[in-house]
Amino acid sequence: LPVEGADAYLGRGLVYQNPFIIWFNHAGEKAYAGPRFDVQDDAIVVGGGLASIDVAKALMLETTRAKLRERGIDESILELEARGIPKALERHGLRFEDLGLRGCTIFYRRRPEDMPLVSMPEGADEKTRAKIEKTRANMLEKATSKFLFKVRALRAPHSLLIENDRVAGMRFAVTRMEGAKLVQTDELEEVRGSQVISSIGSIPEPIAGVPMKGELY
């Protein structure tokens, strides 16, 4: 997370995507011995790629399933993911609004159509660019309608909000696109959230005996 001093708050409201997704995929296995996470409603996901959508999906599936269990309904993660949250709830005569959840939000520094959900060929002409941008926007719309997370575009991470020595949210710099160029303005938006999950990218951790050049082994 490109925010000064962020790593000091790992485990105190700040989470990184890789250990979170590993936990989500393997927590039900008897042999799993890795870190465990307390999934919170109203989480802030900082990112904008396919991994950030996976993080948002996991948050929405876990929080929805927990609310269903409170009602005595045991819905499997696989069923929820396959059907999508609205259709799964409909089977039980429920709407998402009935659960009292606010849901998580992905904050992305560029526009939705800029999300790298489909790769853009190098040197693509205007027609190709427009087609791929439309495909990206459609993919995002399908994901948000199926899993009910939100997306806040044109927001770049600026600093963490800290209260009682824990993360309580984040300040974002408002950005704008000038053609293909991203411009960061002086305007800040303060967003409160139960936890911040950084889903910007993966950097390998140093391993004793393995030489590194920059961020590469």
Side-chain angles (χ1 to χ4, degrees), residues 1-63 65-66 77-78 81 104-110 114-120 136 139-140 143 147 149 151-153 155-173 175 182 184 191-217:
L1 185 66
V3 167
E4 187 176 350
D7 282 357
Y9 294 93
L10 278 170
R12 288 185 285 162
L14 175 63
V15 176
Y16 280 156
Q17 72 177 20
N18 283 13
F20 177 78
I21 290 295
I22 290 169
W23 163 79
F24 177 74
N25 286 336
H26 299 286
E29 300 170 7
K30 290 183 179 179
Y32 178 74
R36 295 185 179 272
F37 296 91
D38 183 18
V39 175
Q40 300 289 327
D41 184 28
D42 199 28
I44 293 168
V45 180
V46 182
L50 289 168
S52 66
I53 291 179
D54 282 342
V55 169
K57 280 172 56 177
L59 288 166
M60 297 306 299
L61 292 170
E62 287 287 347
T63 52
R65 191 173 181 222
I77 287 286
L78 292 178
E81 184 172 15
C104 67
T105 304
I106 295 175
F107 288 81
Y108 179 51
R109 62 197 181 105
R110 296 178 181 268
D114 298 317
M115 283 190 176
L117 308 181
V118 178
S119 60
M120 183 73 71
R136 289 171 170 176
M139 287 178 64
L140 184 61
F147 300 105
F149 60 88
V151 177
R152 187 94 165 112
R155 298 294 184 274
H158 178 274
S159 55
L160 292 171
L161 291 176
I162 305 299
E163 289 181 2
N164 300 319
D165 208 29
R166 285 187 58 85
V167 173
M170 176 158 254
R171 294 181 189 89
F172 291 91
T175 63
L182 178 73
Q184 183 168 309
V191 181
R192 302 187 70 80
S194 54
Q195 59 188 165
V196 172
I197 302 184
S198 177
S199 184
I200 290 174
S202 301
I203 299 172
E205 295 181 353
I207 298 174
V210 179
M212 294 188 75
K213 184 176 182 180
E215 296 176 354
L216 301 176
Y217 290 131

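Keep in mind that what you see is a predicted model, and the values were worked out from it rather than measured.
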Asker: So, for A58 and I21, which heavy atoms are closest and what is the spacing to 0.1 Å?
Answerer: CB-CD1, 4.5 Å
Asker: Going by the rule side-chain hydrogen bond (donor to acceptor under 3.5 Å, both in side chains), which residues pair with S52 if we only count those two or more places apart in sequence or in a different chain?
Answerer: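 Once residues adjacent in sequence are excluded, S52 has no partner under the side-chain hydrogen bond (donor to acceptor under 3.5 Å, both in side chains) criterion.
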Asker: Find out whether I44 and V167 are in side-chain contact, i.e. whether some heavy atom of one side chain is under 4.5 Å from a heavy atom of the other.
Answerer: no
Asker: Hey, what do you get for OH (Y16) to CD1 (I22), rounding to the nearest 0.5 Å?
Answerer: 15.0 Å
Asker: Let me confirm one number: the CD1-OH distance from I200 to Y108, rounded to the nearest 0.5 Å.
Answerer: 11.0 Å
Asker: Between Q40 and D38, do the side chains contain an N or O donor and an N or O acceptor separated by less than 3.5 Å?
Answerer: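 Judged by distance alone, the side chains do pair up.
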Asker: How long is the span from the NZ atom in K57 to the CD1 atom in I77, to the nearest 0.5 Å?
Answerer: 10.5 Å
Asker: Of all heavy-atom pairs between D42 and R192, which one has the smallest distance, and what is that distance?
Answerer: OD2-O, 3.8 Å
Asker: Quick check against the 3.5 Å criterion: does R152 have a side-chain atom that pairs as donor or acceptor with the backbone of F107?
Answerer: no
Asker: At their closest point, which heavy atom of A143 faces which heavy atom of F149, and how far apart are they?
Answerer: O-CE2, 3.6 Å
Asker: For R109, look at atom CZ and say whether over 12 heavy atoms of other residues, nucleotides or ligands are found less than 6.0 Å away.
Answerer: no
Asker: Could you go through Y217 and M212, starting from their C-alpha distance and side-chain angles, then the distance that decides it, and tell me whether this counts as side-chain contact (heavy atoms from CB on, under 4.5 Å)?
Answerer: CA-CA 4 Å; Y217 290 131; M212 294 188 75; 3.8 Å; yes
Asker: I need the minimum non-hydrogen distance between R166 and G11, along with the two atoms involved.
Answerer: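 That would be NH1-O, 4.0 Å.
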Asker: Which distance, rounded to the nearest 0.5 Å, do you find between the OG1 of T105 and the CZ of R155?
Answerer: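 Atom-to-atom, T105:OG1 and R155:CZ are 12.0 Å apart.
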Asker: How far does CE of M60 sit from SG of C104, to the nearest 0.5 angstrom?
Answerer: 5.5 Å
Asker: With rounding to the nearest 0.5 Å, note down the distance linking CZ in R110 to CG in L182.
Answerer: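 Answer for the CZ-CG pair, R110 versus L182, is 5.0 Å.
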Asker: Go through the steps to decide whether R65 and V39 satisfy the test side-chain contact (heavy atoms from CB on, under 4.5 Å), and finish with yes or no.
Answerer: CA-CA 11 Å; R65 191 173 181 222; V39 175; over 6 Å; no
Asker: Does S199 reach the side chain of F20, with side-chain heavy atoms less than 4.5 Å apart?
Answerer: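 Not in contact.
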Asker: Out of V3, L161, V15, V46, which one pairs with V196 under the side-chain contact (heavy atoms from CB on, under 4.5 Å) rule?
Answerer: V46
Asker: Look at the aromatic rings of Y32 and H26 and report parallel, tilted or perpendicular, splitting at 30° and 60°.
Answerer: parallel
Asker: Tell me, yes or no, whether the heavy-atom count around E215 atom CD, taken from other residues, nucleotides or ligands under 6.0 Å, exceeds 12.
Answerer: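 12 or below, so no.
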Asker: Over all heavy atoms of both residues, which pair between L117 and G48 is shortest? Give the atoms and the distance, please.
Answerer: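 Closest approach of L117 to G48: CD2-O, 4.3 Å.
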Asker: Between S194 (side chain) and D41 (backbone), is there a donor-acceptor pair under 3.5 Å?
Answerer: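 At least one qualifying donor-acceptor pair exists.
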